[in-house]
J.: 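Following this message is one structure expressed as structure tokens.
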Protein chains: 2
Amino acid sequence: MSSAPNDTAPSVDQVNSDYLETLLGYNARRAALSIIDVFLRKMAEHDFRPVDFSVASLIVHNPGITSRQLCTALNILPPNLVGMVNAMEKRGLIIRRPHPNDGRAMGLHPTPEGKALMAIAEEDAYKLEIAAAPRLTAAERKTLIRLLQKIYL
Amino acid sequence: MSSAPNDTAPSVDQVNSDYLETLLGYNARRAALSIIDVFLRKMAEHDFRPVDFSVASLIVHNPGITSRQLCTALNILPPNLVGMVNAMEKRGLIIRRPHPNDGRAMGLHPTPEGKALMAIAEEDAYKLEIAAAPRLTAAERKTLIRLLQKIYL
DNA sequence: TATTGTTATACTCTATAACTATA
DNA sequence: TATAGTTATAGAGTATAACAATA
């Protein structure tokens with residue numbers, strides 16, 4: 001029996017990614033990064049990155065929310081939230097007020113400026129998401145969101 | 001007109017995340033991180049993180065693939081690939097051979113050990129994905145993957 | 001004793017600039 | 001002149017440990 005059919009190492013013409021594309025995790029990660037890439041560029045106008053945006057949005061929709069509640073809702077760690085909240089307070093988007101029932105905690109409240117900015121930012125977020133997935137119909141987008149929530153909620 | 005209805009700052013009982021949950025990017029990111037979390041724990045047994053796994057899988061399914069082709073296929077940057085490839089070569093999972101047509105490039109080839117390990121790892125990946133999304137039916141999983149690919153492919 | 005918020009710090013992941021060898 | 005691969009390094013993003021104040 002001979003060994004290898006010839007002495008030349010094979011080269012790849014077209015990369016075959018079929019196996020990876022059968023994996024849910026691979027597809028979810030690639031799709032998420034694709035949308036986030038568009039998000040990053042647009043939201044830089046408002047000085048928001050994805051997590052900043054989520055934090056600010058939750059504060060607007062939940063006036064008086066605490067840092068601990070934000071961390072739980074967004075699955076982030078307390079030390080990594082401190083800088084974001086400080087930056088938003090410095091920008092005049094939120095204020096801290098003592099929590100009515102818990103002396104350890106501080107309630108986070110949106111300022112009028114914060115509410116106004118987030119109204120614009122949330123509208124931008126919706127528009128950029130449509131632009132980031134132009135081949136998705138409205139019905140497909142709805143189905144996709146429902147199925148994604150079955151994974152993490 | 002009076003000012004605020006009373007002097008106490010409101011507190012939040014149940015956090016309302018309804019707005020964020022209407023965003024495709026938010027849901028895609030949360031779902032991807034949820035699956036990746038399970039992936040990280042299981043694949044640590046094989047000393048693979050998500051990108052390592054993708055790189056090794058593409059090499060097995062595309063013997064002779066170059067670093068450049070890997071970077072393009074996986075959307076990663078060349079400097080960040082070097083360490084992964086070196087580590088896999090050191091582990092005996094792959095070998096480098098000169099590219100037949102391009103003296104600048106090196107073809108990456110799986111060793112028998114690399115093929116054997118990836119056969120196990122790919123099987124594990126499939127199983128852990130099912131476990132990471134237990135509420136998804138087979139049909140829903142298929143639909144979800146198809147819709148995710150409409151975003152990034 | 002447990003929890004909220006915070007500081008300091010380490011580790012991982014990703015991005016940029018510049019170099020070499022070859023096309 | 002452009003590209004493949006590499007090195008060095010900088011910047012985000014995420015993680016753990018430990019502390020003060022309050023429950």
Side-chain angles (χ1 to χ4, degrees), chain A residues 9 11-12 15 29-30 32-34 36-37 39-41 43-44 47-55 59 64-90 94-109, chain B residues 9 11-12 15 25 29-30 32-34 36-37 39-41 43-44 47-55 59 62 64-90 94-109:
Chain A
S11 69
V12 173
V15 175
R29 183 170 182 270
R30 292 297 300 266
L33 289 174
S34 173
I36 289 169
D37 191 62
F39 188 97
L40 281 169
R41 270 194 275 276
M43 282 298 159
D47 244 298
F48 280 139
R49 279 161 304 173
V51 184
D52 299 310
F53 174 87
S54 297
V55 168
I59 294 173
I65 193 172
T66 67
S67 293
R68 183 60 173 161
Q69 288 176 310
L70 280 171
C71 287
T72 300
L74 295 174
N75 197 31
I76 57 182
L77 295 168
N80 301 328
L81 181 65
V82 176
M84 298 183 225
V85 169
N86 286 341
M88 287 181 208
E89 191 177 35
K90 210 162 201 170
I94 64 170
I95 54 171
R96 293 171 209 244
R97 296 169 67 184
H99 191 280
N101 311 328
D102 190 334
R104 296 169 300 181
M106 294 294 285
L108 304 175
H109 300 260
Chain B
S11 68
V12 173
V15 175
R29 182 170 183 271
R30 293 297 301 265
L33 289 173
S34 174
I36 289 169
D37 191 61
F39 187 97
L40 280 170
R41 270 194 275 276
M43 282 299 159
D47 244 300
F48 280 139
R49 279 160 306 174
V51 183
D52 298 310
F53 174 86
S54 297
V55 167
I59 294 173
N62 299 269
I65 193 172
T66 67
S67 294
R68 183 60 172 161
Q69 288 176 310
L70 281 171
C71 287
T72 300
L74 295 174
N75 198 30
I76 57 181
L77 294 168
N80 300 329
L81 180 64
V82 176
M84 298 183 224
V85 169
N86 285 341
M88 289 182 207
E89 192 177 34
K90 209 163 201 169
I94 63 171
I95 53 170
R96 295 170 209 242
R97 296 169 67 185
H99 191 280
N101 311 327
D102 189 336
R104 297 168 301 181
M106 293 294 285
L108 304 176
H109 300 260

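Side chains included, hydrogens not; waters and symmetry mates left out as well; all remaining heavy atoms used.
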J.: Want to settle it: does A:Asn86 or A:Asp37 sit nearer the 5' end of DNA chain C, counting the closest nucleotide to each?
T.: A:Asn86
J.: Rounded to the nearest Å, what distance is computed from the CE atom of residue B:Met106 to the P atom of nucleotide C:dA21?
T.: 15 Å
J.: Can you tell me how far P of C:dA15 sits from CG of B:Leu74, to the nearest Å?
T.: 13 Å
J.: B:Thr66 has a side chain; which of D:dT7, D:dG5, C:dT6 sits nearest to it?
T.: D:dG5
J.: If you check the B:Arg68 side chain, which of C:dG5, D:dT16, D:dA4 turns out closest?
T.: D:dA4
J.: Given that A:Gly103 and A:Ile76 both sit by DNA chain D, which one's nearest nucleotide is further toward the 5' end?
T.: A:Ile76
J.: Of the options D:dT14, C:dT14, D:dA17, whose atoms approach the side-chain atoms of B:Arg29 most closely?
T.: D:dT14
J.: Is there a donor-acceptor pair under 3.5 Å between the side chain of A:Gln69 and the backbone N or O of B:Val15?
T.: no
J.: Of the listed nucleotides (D:dT14, C:dA15, C:dT7), which one gets closest to any side-chain atom of B:Leu77?
T.: C:dA15
J.: Which listed nucleotide (C:dT16, D:dA23, D:dT16) is nearest to the side chain of A:Pro79?
T.: D:dT16
J.: Mapping A:Asn101 and A:Pro50 to their closest nucleotides on DNA chain D, which lands nearer the 5' end?
T.: A:Pro50
J.: Could you check if a side-chain atom of B:Ser11 sits within less than 4.5 angstrom of a side-chain atom of A:His99, using non-hydrogen atoms only?
T.: yes
J.: Checking B:Ser34 side chain against B:Arg30 main chain: does a donor-acceptor pair fall under 3.5 Å?
T.: no
J.: Expressed in angstrom and rounded to an integer, what is the separation of A:Ile36 atom CD1 from C:dT14 atom P?
T.: 11 Å
J.: Decide yes or no for B:Leu77 and B:Cys71: does some side-chain heavy atom of the first lie under 4.5 Å from some side-chain heavy atom of the second?
T.: no
J.: State, with a plain yes or no, whether a side-chain heavy atom of B:Arg96 is found less than 4.5 Å away from one of B:Leu108.
T.: yes
J.: Provide, to the nearest angstrom, the distance between the CG atom belonging to A:Leu40 and the C1' atom belonging to C:dA15.
T.: 13 Å
J.: How close or far is atom P of C:dC13 from atom CG of B:Leu81, stated in whole angstroms?
T.: 14 Å
J.: Report the distance from atom CG of B:Leu70 to atom P of D:dG5, rounded to the nearest whole Å.
T.: 9 Å
J.: Taking atom C1' of C:dG5 as reference, at what distance in whole Å does atom CD of A:Gln69 sit?
T.: 14 Å
J.: Look at A:Arg49 and D:dG13 and indicate whether a side-chain polar atom (N or O) is within less than 4.0 Å of OP1 or OP2.
T.: yes
J.: Find which nucleotide of DNA chain C each of B:Asn80 and A:Pro78 is nearest to by heavy atoms, and output the residue with the more 5' nucleotide.
T.: A:Pro78
J.: Between C:dA2, D:dA12, D:dT6, which nucleotide gets closest to the side-chain atoms of A:Arg104?
T.: C:dA2
J.: Can a donor-acceptor pair under 3.5 Å be found between the side-chain atoms of B:Asp102 and the base atoms of D:dA4?
T.: no
J.: Could you tell me whether the phosphate oxygens of D:dT6, OP1 or OP2, come under 4.0 Å of any side-chain nitrogen or oxygen in B:Arg96?
T.: yes
J.: Could you walk me through whether B:Asp52 and B:Asp47 pass the side chain to side chain contact (heavy atoms under 4.5 Å, CB included) check?
T.: CA-CA 9 Å; B:Asp52 298 310; B:Asp47 244 300; over 6 Å; no
J.: How many whole angstroms separate atom CZ of B:Phe48 from atom C1' of C:dC13?
T.: 18 Å
